Amino acid sequence: MSLTGTSFLYTAVVLTVVALILPLVLWSRMRGPKAVRVAARALMLLFAQATAVTLVFVMVNNQNNLYDNWADLFGTGNHVQQAANLGKNGTGNISLKRLPKVKQHFSPAEGAGMRAAGGVEVTQLKGQVSGVNAEVYVWLPPQYKEPAYRHHKFPVVELLPGYPGSAKAWFGSLHANEQLLPLMKSGRVAPFILVAPRTNLLAGVDTGCANITGTVNADTWLSVDVPKMVMDNFRAEPAPSGWAVAGYSAGAHCAVKLAVAHPDRYRAAVGMSGYNDPIGERNSLAAAGPALRAANNPYLLLKEKKTPPPIALYISGESGDGYEAGTALASVAEAPTTVHVVFLPRSDGGHTMALWRPQVKAVFRWLTLEMGKNHPHAGTGSTTTPHGRSTSGSTHAELASGTASRAGATRKR
């Protein structure tokens, strides 16, 4: 039975109801020795508690898409076939243009939100370069199948969840496809192809979207294998001009890092409630040591760039949860790099889907402008006026981590 299926939810509901009724019906009707009656009543209470906890977990998991399947939940899943040393550029000096085209079979995806707004498709991709074998979800804009657009190539946004998190989350919890469909039809948002690859590749740890020889090549999976597959199978614009990456929480960190590290692969990035220093997620493999942390910190990567990359960054967050990460990036950005920081007041919600879901429309309107859809690219960064605590007086280390108000915070979505 699927962990995220409606049948499991209904089963949990039925068992919870039964567990509540049993004590009411049988409590005073127990027969036999006292020890037997006490044991039976204790078992009924334990059964009621277990079913109640299970029901709450299922509802929370379905709402937030934290665990995709039983293997993810119990930490038995491993989607890494090999993790060769691919060098600094993450390609192992392989000429990507010479690699054979990747032809994939796609089928309708199952789960909450997967059938909405035209439906989401899924495929199992074996990464030619990264050694990762995992699923990738794709949603096509309404114009894609229209005759007038049969020769048109579409821009792409790669969508990353938090940790733990399912690749389905942008569709199942944030309802991105449902929110964007009417905006794309009306022309207020560009017709983007939405691509959501699996990021939970190893059991019990966050990869930090890093390449770690012998362990995982998550960076290459996301920035090389997945884009190549999409461009080989769909009418997608080439990288970097037609590609952006967006994420929330740990996915926000990954999105920004990928764009800063690979301006030859992405034009823009969106980070909602993210962080710069990988230690922001204590289960991140990228936080294992100082050198690895520095190599995967977008603030340090941007600061040390000899030539500012031609990328645009959109960073949103509350004070102590993403906002400082954005202001830190803005403080070291030089043209043509732009950083747009959006301050979110505490009243908007916490580190949850309730905070990120309403931002989807604004994020994609911004992406429409920044991806050059009949709008010139701005040459200077901009930030909104903060309504709360600023980074004044913060140390360089706090600015670099993006946790000036809550150092070392752990994020779990």
Side-chain angles (χ1 to χ4, degrees), residues 85-91 130 158 160 163 199 206-213 216-224 227 239-240 243-247 249-281 284-317 322-341 370 381 383 391 394-404 411:
N85 186 345
L86 298 178
K88 197 169 183 179
N89 67 356
T91 64
S130 67
E158 206 168 347
L160 309 180
Y163 173 81
T199 57
D206 173 31
T207 66
C209 299
N211 276 4
I212 303 173
T213 302
V216 65
N217 284 322
D219 183 314
T220 299
W221 160 250
L222 296 171
S223 68
V224 175
W243 279 74
V245 57
S249 191
H253 163 74
C254 287
V256 175
K257 190 214 78 170
L258 290 174
V260 173
H262 306 296
D264 59 326
R265 302 172 195 175
Y266 299 101
R267 170 69 185 80
V270 172
M272 298 185 291
S273 303
Y275 45 89
N276 293 328
D277 189 332
I279 199 65
E281 171 49 67
S284 174
L285 292 176
L292 200 54
R293 283 173 62 182
N296 289 278
N297 186 327
Y299 168 82
L300 296 178
L301 292 175
L302 186 60
K303 183 180 180 181
E304 294 167 4
K305 289 273 187 183
K306 293 182 179 179
T307 303
I311 58 173
L313 305 177
Y314 179 107
I315 314 293
S316 68
Y323 175 69
E324 288 80 7
T327 56
L329 289 164
S331 71
V332 296
E334 298 180 8
T337 304
T338 69
V339 182
H340 181 70
V341 185
E370 290 298 333
T383 61
T391 56
S394 299
T395 66
H396 289 297
E398 288 172 331
L399 284 170
S401 68
T403 55
R411 293 160 175 81

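Since we're looking at a predicted model, the values are computed, not measured.
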Requested in this report: Find out whether Arg293 and Asn297 are in side-chain contact, i.e. whether some heavy atom of one side chain is under 4.5 Å from a heavy atom of the other.
Outcome: no
query = Just by modelled atom types, is the Val260 backbone N or O under 3.5 Å from a matching donor or acceptor in the Lys305 side chain?
reply = yes
Contacts of Thr207 meeting side-chain hydrogen bond (donor to acceptor under 3.5 Å, both in side chains) (sequence neighbours excluded), chain-then-number -> none
Tightest non-hydrogen contact, residues Pro240 and Pro263, listed as CB-O, 3.4 Å
Sequence neighbours excluded, the answer for side-chain hydrogen bond (donor to acceptor under 3.5 Å, both in side chains) partners of Arg265 is Ser223, His262
Closest non-hydrogen contact found for Leu313 with Ala259 is CD2-CB, 4.3 Å
Between Cys254 and Leu160 the two heavy atoms that sit nearest each other are CB-CD1, 3.7 Å
Taken in chain and number order and not counting sequence neighbours, the residues that satisfy ring-ring contact (aromatic ring centres under 6.0 Å, His included) with Tyr266 are none
One should read off an interatomic distance between Tyr323 OH and Ser273 OG, to the nearest 0.5 angstrom, of 14.0 Å
Between the OG1 atom in Thr220 and the CG atom in Asn89, the distance rounded to the nearest 0.5 Å is 8.0 Å
Between Ala218 and Asn211, the two heavy atoms sitting closest are N-OD1, 3.4 Å
Nearest heavy-atom approach of Ala325 to Asn276 is O-ND2, 3.2 Å
What one should report as the nearest heavy-atom pair of Cys209 and Asp219 is O-CB, 3.4 Å
Residue set satisfying side chain to side chain contact (heavy atoms under 4.5 Å, CB included) with Leu285, at least two apart, ordered chain then number -> Leu202, Val205, Ile212, Thr215, Val216
Hits for side-chain hydrogen bond (donor to acceptor under 3.5 Å, both in side chains) against Thr213, two or more places apart or cross-chain, chain-then-number order -> none
Item to complete: Measure the shortest side-chain to side-chain distance between Leu302 and Pro309 over non-hydrogen atoms and say whether it is less than 4.5 angstrom.
Response: yes
**Message:** Contact between Tyr314 and His340 at the side-chain level, heavy atoms closer than 4.5 Å - yes or no?
**Reply:** yes
The side-chain hydrogen bond (donor to acceptor under 3.5 Å, both in side chains) partners of Thr199 (sequence neighbours excluded) come to none
So CD1 of Ile315 and OG1 of Thr327: to nearest 0.5 Å the spacing works out to 10.0 Å
To the nearest 0.5 Å, atom CD of Glu370 lies from atom CD1 of Ile311 at 11.0 Å
Value for CG (Leu258) from CG (Asn296), rounded to nearest 0.5 Å, stands at 9.0 Å
